[in-house]
Number of protein chains: 2
Amino acid sequence: MVSRRSPKRGRPLKDDAGGVQVRILDAAQQLFLAKGYRSSSIDEISELAPASKPTIYAHFPGKQALFAAVMSRTIDGLTDFHGFMLEGRTVEDKLTSLGTAIVDSVIDESLGVVRATIAEAQRFPELSRNFHDAARERSVRAVSRLLSEADRERARDPEAPIHTRRRQDTAQIFLDLILLPILLRSLHGERPAELRSELASFIKDRVGFFLSACEPDRPHRHKRARANRPSPS
Amino acid sequence: MVSRRSPKRGRPLKDDAGGVQVRILDAAQQLFLAKGYRSSSIDEISELAPASKPTIYAHFPGKQALFAAVMSRTIDGLTDFHGFMLEGRTVEDKLTSLGTAIVDSVIDESLGVVRATIAEAQRFPELSRNFHDAARERSVRAVSRLLSEADRERARDPEAPIHTRRRQDTAQIFLDLILLPILLRSLHGERPAELRSELASFIKDRVGFFLSACEPDRPHRHKRARANRPSPS
DNA sequence: CAATTATACTATACCGTATAGTTTCTTTAT
DNA sequence: ATAAAGAAACTATACGGTATAGTATAATTG
């Protein structure tokens, strides 16, 4: 009984771009992110790669190391929002488009990693912490830069650099207001299709709230229209 | 060779308050929440309860059912913030104490359930969804009520009921601004000790931002300090 | 020679069931 | 009443079957 499925054996072809290691990482990533660490077996990875088990152990000392390698690689490949551009005329439009782009990107790319790092926070504490810290820092940096840009466009105000620190806090708030709620719902299994229907109005709402706090002179859409407000006392 | 460890065997005493079932659920909860579904074995649970394996299977049809039972019970036992009171003189103080209480409560009670429901969102989709939806709804309801109260105390304004819907949105924002970031950091393994040091200033900051958006006339602490603020042009 | 494959193997872990024995509560017969 | 019989709930232990991490061996190919 010879090989039954694939006649491919022995040394890999010279042009096996990337090679076995990448195939192993790809397969492992797919399974780990979909089913978690404990429920993904080396045999499955071996079959999916495809790569024989000994080969896997030749490249990685064990399952844990493979998981760690997969996660680092996945994290490195995540979008960092630095390429995003601000579209729209008003500040509100700009921020809405930014929020939408961020949410979309995270929903299609990062859900698996986030779930995996949270699920395995006990088994791989350092990995989980590092991922979260790195993701936060990178996203805050990028959003912070974009917020500065929006601000600079709106009113030429060159005294900005002083508030760099504060501006990062503001960027963090922007992300927490818009991205986190959606992220949490997605992590709990809400399907993208259901989300998308509410997304636009949700983001618009949150951007409105965000601007209410940032722009003192802005009419306050959130609580109640200014006109209706009787002097409160 | 008779029983070596515990002489307790056979039919349970009539006043065996709670009984084996509770012991099983307790043990299962401890393990499931700490190590996840796949990494907790029935044998371990049996040993920890303590309860023999047949007994476990007499009470629950299988591991999945046991997990589901554990999660429902855990969810039912979660604090729903309804007993919380508003302390402090100013609105700011009231909201700060509310935020602190909520964050504290979630950090020491709910982390495990949240992690588990997220981790097993693929295996138990309904459970995960239901948990998230219920938790959201309950917390929003409670916070919403407390916000109304704070508002009513501040300015006697009995026209409130009209804005019920909006007020729930506001409560949701309050939670998203204050609870979610801390929750996410905790889920990624940040130790409570590290968090506590920043907590006070973080919550104060977020409450400030929240109020900036809600109270039009409020001085905007967020953007720049009140004292430092030169008339902004 | 170097990388890889197929295959078989070891050792363990785990779910779920089966068997037999123990203790306590409840019912029934006297 | 009280003793015997039975039912109920549990324990300890072992077993079947499967899955899984990791290793060993020999064959194959560039």
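Nearer the 5' end of DNA chain D, as judged by each residue's closest nucleotide, is the contact made by B:I56, out of A:P54 and B:I56.
Here the nucleotide nearest the side chain of A:V20, chosen from C:dT4, D:dT11, D:dT20, is C:dT4. Side-chain proximity of A:I42 to D:dA21, C:dC14, C:dA6: nearest is D:dA21. In the set D:dG22, C:dC15, D:dC10, the nucleotide with an atom closest to the side chain of B:K53 is C:dC15. Side-chain proximity of B:Y57 to C:dT4, D:dC10, C:dG16: nearest is C:dG16.
When heavy atoms are screened at a 4.0 angstrom cut-off, B:S39 is found touching no nucleic acid atom at all. Note on A:A58: nothing from the nucleic acid sits closer than 4.0 angstrom, heavy atoms only. Among the heavy atoms of the strands, none lies under 4.0 Å from B:S46.
Dashed line: the shortest gap from a side-chain N or O of B:S41 to OP1 or OP2 of C:dA13 is not under 4.0 Å. Between C:dA3 and A:H59, no contact under 4.0 Å exists linking OP1 or OP2 to a side-chain N or O.
Between A:F209 and B:F210, the ring planes are tilted. Angles from 30° to 60° get that label. Between A:H132 and B:H188, the ring planes are parallel. Angles under 30° get that label, and only those over 60° would be called perpendicular.
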Pick out the pairs of N or O atoms, protein on one side and nucleotides 24-28 of chain C on the other, that lie under 3.5 Å.
residue : atom : partner : partner atom : Å
C:dC25  : O4'  : B:R11   : NH1          : 3.0

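Taking 4.0 Å as the cut-off between side-chain N and carboxylate O, B:E92 and B:K204 do not count as a salt-bridged pair.
Annotation: the terminal axes of the helix from C:dC1-D:dG30 to C:dT30-D:dA1 meet at 10°, where each axis is the rotation carrying the C1' atoms of four end pairs onto the next four (5 pairs per end, rounded to 10°).
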